[in-house]
2 protein chains.
Amino acid sequence: MGEGADLFKALGDATRRIILDELTERDSQTLFEICGRLTMKHGLASSRQAISQHLAVLEEAGLVHTRRQGRYKFHHLDTSPLRAIVERWPARREEPS
Amino acid sequence: MGEGADLFKALGDATRRIILDELTERDSQTLFEICGRLTMKHGLASSRQAISQHLAVLEEAGLVHTRRQGRYKFHHLDTSPLRAIVERWPARREEPS
DNA sequence: TTCATAGGCAAGTCACCACTTGCATGTCAA
DNA sequence: TTGACATGCAAGTGGTGACTTGCCTATGAA
């Protein structure tokens, strides 16, 4: 019931968080571009299928949107669902001593 | 390296998120108080040990701090680690159409 | 068409994690 | 001290999820 479980599940994996980092640096990438950049710049050697499944989870959470163009599928970052987190548990009024 | 994995792991469980909800409503509760309120108001029948382990995870993530007083241990909410999430993946400049 | 590229689907394996179970520790009251 | 209460610790179990493996579809160029 709008509990947002998909969002927290998506953020729960370290590889998916790095994918979000990569899309923050350079938005609108294809699956193969993301695979290459994760290997090169972030030092992780994940398979194409693994990254594809991660992107599906991120899309379910609303953090990534896709756009098909011929045989390419571009992935776009959407950080707006993250606002629900800080809104669910607001900052306290009084600051600690 | 300050990657914050503990934070996302803590937020990844639905019961722990409800515990944060409960502490948002009423801060500084003991383990037994939290157990009782989760059963009454949120309808989940988790054991004392389960809740205790959840609170330990939340404390590792810095979301909950504890204060001992005699045989009681009070749990305090700290939402400040959540800011790191929205700061890691900032909102885009342009708004979507 | 043929071939290479970009991506999708499904079943199987393995490790982690939530939860239980049982016992132990420590505090306070009678 | 005895007993009840509040919490802690540690081993074992089951289910979920990340990853692999293998095959399939679709687009575009020669």
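Residue numbers start from 1 in every chain, and the chains themselves are labelled A, B, ... in the order their sequence lines are given, proteins ahead of strands. Every heavy atom of this structure was used, including side-chain atoms; hydrogens, water molecules and symmetry mates were not.
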note = Once base and sugar-phosphate atoms are separated, protein heavy atoms under 4.0 Å mark nucleotides 12-23 of chain D, 5' to 3', with B, S and - as ------SBBBB-
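- Within residues 24-33 of chain B, the residues that place at least one heavy atom under 4.0 Å from DNA chain D are, in residue-number order, B:T30, B:L31, B:F32.
- Side-chain nitrogen and oxygen atoms of A:S52 include at least one within less than 4.0 Å of the OP1 or OP2 phosphate oxygen of C:dG8.
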task = I would like to know whether B:K41 and B:E25 meet salt bridge (Lys or Arg N to Asp or Glu O under 4.0 Å); could you show each step before the answer?
result = CA-CA 12 Å; B:K41 303 171 40 181; B:E25 256 189 56; 2.6 Å; yes
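- Distance check: A:T66 OG1 to A:H76 NE2 gives 8.0 Å after rounding to the nearest 0.5 Å.
- Residues satisfying the salt bridge (Lys or Arg N to Asp or Glu O under 4.0 Å) test with A:E60, not counting sequence neighbours, are none.
- The side-chain heavy atoms of A:V86 and B:T79, taken from C-beta on, include no pair separated by under 4.5 Å.
- A side-chain contact (heavy atoms from CB on, under 4.5 Å) with A:L23 is found for exactly one of A:I18, A:L63, A:I34, namely A:I34.
- In the hydrophobic clustering, B:Y72 connects to B:F74, either directly or through intervening members, whenever side-chain heavy atoms lie under 4.5 Å apart.
- Put simply, the side chain of B:E33 reaches to within 4.5 Å of the side chain of B:T30, judged on heavy atoms.
- Residues A:L20 and A:V57 are members of separate hydrophobic clusters, defined by side-chain heavy-atom contacts under 4.5 angstrom among Ile, Leu, Val, Met, Phe, Trp and Tyr.
- A heavy atom lying under 4.0 Å from DNA chain D marks the following residues of residues 58-76 of chain B, by number: B:R68, B:R71, B:Y72, B:K73.
- Using a 4.5 Å cut-off on side-chain heavy atoms (C-beta onward), B:H65 and B:L77 make no contact.
- Applying the salt bridge (Lys or Arg N to Asp or Glu O under 4.0 Å) rule to pairs touching residues 62-81 of chain A yields nothing, sequence neighbours excluded.
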